[in-house]
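Everything on this sheet refers to the single structure shown next.
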Amino acid sequence: QVQLVESGGGLVQAGGSLRLSCAASGRTFNMYAVGWFRQAPGKEREFVAAVSFSGTGTYYADSVKGRFTISRDNAKKTAYLQMNSLKPEDTAVYYCAAGPYGFRQDEYEYWGQGTQVTVSS
């Protein structure tokens, strides 16, 4: 079992930065990849980024490539999403999830409760 808690969301102006954290509890965190997903109002939840269990593999949605960086610290059982050059269209609830490495959200087993990111223009 893995429990996930996101933090670090908030209100930021366009062009600004935020770093989201995903803190895990449970002994098996290091066995799972971590993905970040987001859901904007009135839209489906979508993939943002994923990092492999070791941290050596990363994968990004085209919409965030070059602006967002995913990482993890297995000793701290925490994953991160550094978000730079934020745009109003990045406004959404951001969720972290643990599961197999990839972009398919239906394959992720464990989910956090989400953290709100709002980017003002």
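Side chains are part of it too, since the values below use all heavy atoms of this structure and drop only hydrogens, waters and symmetry mates.
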Centroid separation Phe47 to Phe37 less than 6.0 Å | yes
Is NZ or CZ of Arg45 both nearer than 6.0 Å to the six-membered ring centre of Trp111 and within 45° of the ring axis?
-> yes
Answer yes if the ring centres of Tyr32 and Tyr110 are under 6.0 angstrom apart, and no otherwise.
-> yes
Taking Lys87 for its side chain and Ala14 for its backbone only, find out whether a donor-acceptor pair lies under 3.5 Å.
-> no
Quick check: does any side chain N or O of Thr91 sit under 3.5 Å from a backbone N or O of Val119, one acting as donor and the other as acceptor?
-> yes
Can you check side-chain contact (heavy atoms from CB on, under 4.5 Å) on Gln116 and Tyr94, steps first, answer last?
-> CA-CA 6 Å; Gln116 176 71 47; Tyr94 283 71; over 6 Å; no
Partners meeting salt bridge (Lys or Arg N to Asp or Glu O under 4.0 Å) with Glu109 (sequence neighbours left out) | none
Identify the heavy atoms of Ala98 and Tyr108 that sit nearest to each other, and give their distance.
-> C-CD2, 3.5 Å
Could you walk me through whether Arg38 and Ser63 pass side-chain contact (heavy atoms from CB on, under 4.5 Å), step by step?
-> CA-CA 12 Å; Arg38 66 186 182 186; Ser63 59; 3.5 Å; yes
From Ser85 atom OG to Arg67 atom CZ, the distance as rounded to the nearest 0.5 Å | 7.0 Å
Go through the structure and list residues passing salt bridge (Lys or Arg N to Asp or Glu O under 4.0 Å) with Lys43, not counting sequence neighbours.
-> none
Hey, mind stepping through Asp73 and Tyr80 against side-chain contact (heavy atoms from CB on, under 4.5 Å) and telling me if it holds?
-> CA-CA 8 Å; Asp73 184 335; Tyr80 306 96; 4.2 Å; yes
Report the C-alpha separation of Ser25 and Gln3 in whole Å, then their side-chain angles, then the decisive distance to 0.1 Å, and conclude whether the side chain to side chain donor-acceptor pair (under 3.5 Å) test is met.
-> CA-CA 5 Å; Ser25 59; Gln3 292 80 43; 2.9 Å; yes
Arg72: what forms a salt bridge (Lys or Arg N to Asp or Glu O under 4.0 Å) with it, not counting sequence neighbours?
-> none
Asp90 side chain reached by Phe68 side chain, heavy atoms, under 4.5 Å = yes
Grab the two heavy atoms, one from Ala92 and one from Ala40, that are nearest each other, plus how far apart they are.
-> CB-N, 3.7 Å
Note: Ser52 and Thr56 closest approach over all heavy atoms is OG-N, 3.4 Å
Separation between OH (Tyr95) and CD (Glu6), nearest 0.5 Å, reads 8.5 Å
Short question: side chain of Gln82, backbone of Thr69 - any donor-acceptor pair under 3.5 Å?
-> no
Does Ile70 reach the side chain of Tyr60, with side-chain heavy atoms less than 4.5 Å apart?
-> yes
Taking Thr118 for the side chain and Leu11 for the main chain, is one N or O donor matched with an acceptor at less than 3.5 Å?
-> no
Roughly how far, to the nearest 0.5 Å, is CG of Leu81 from OG1 of Thr115?
-> 11.0 Å
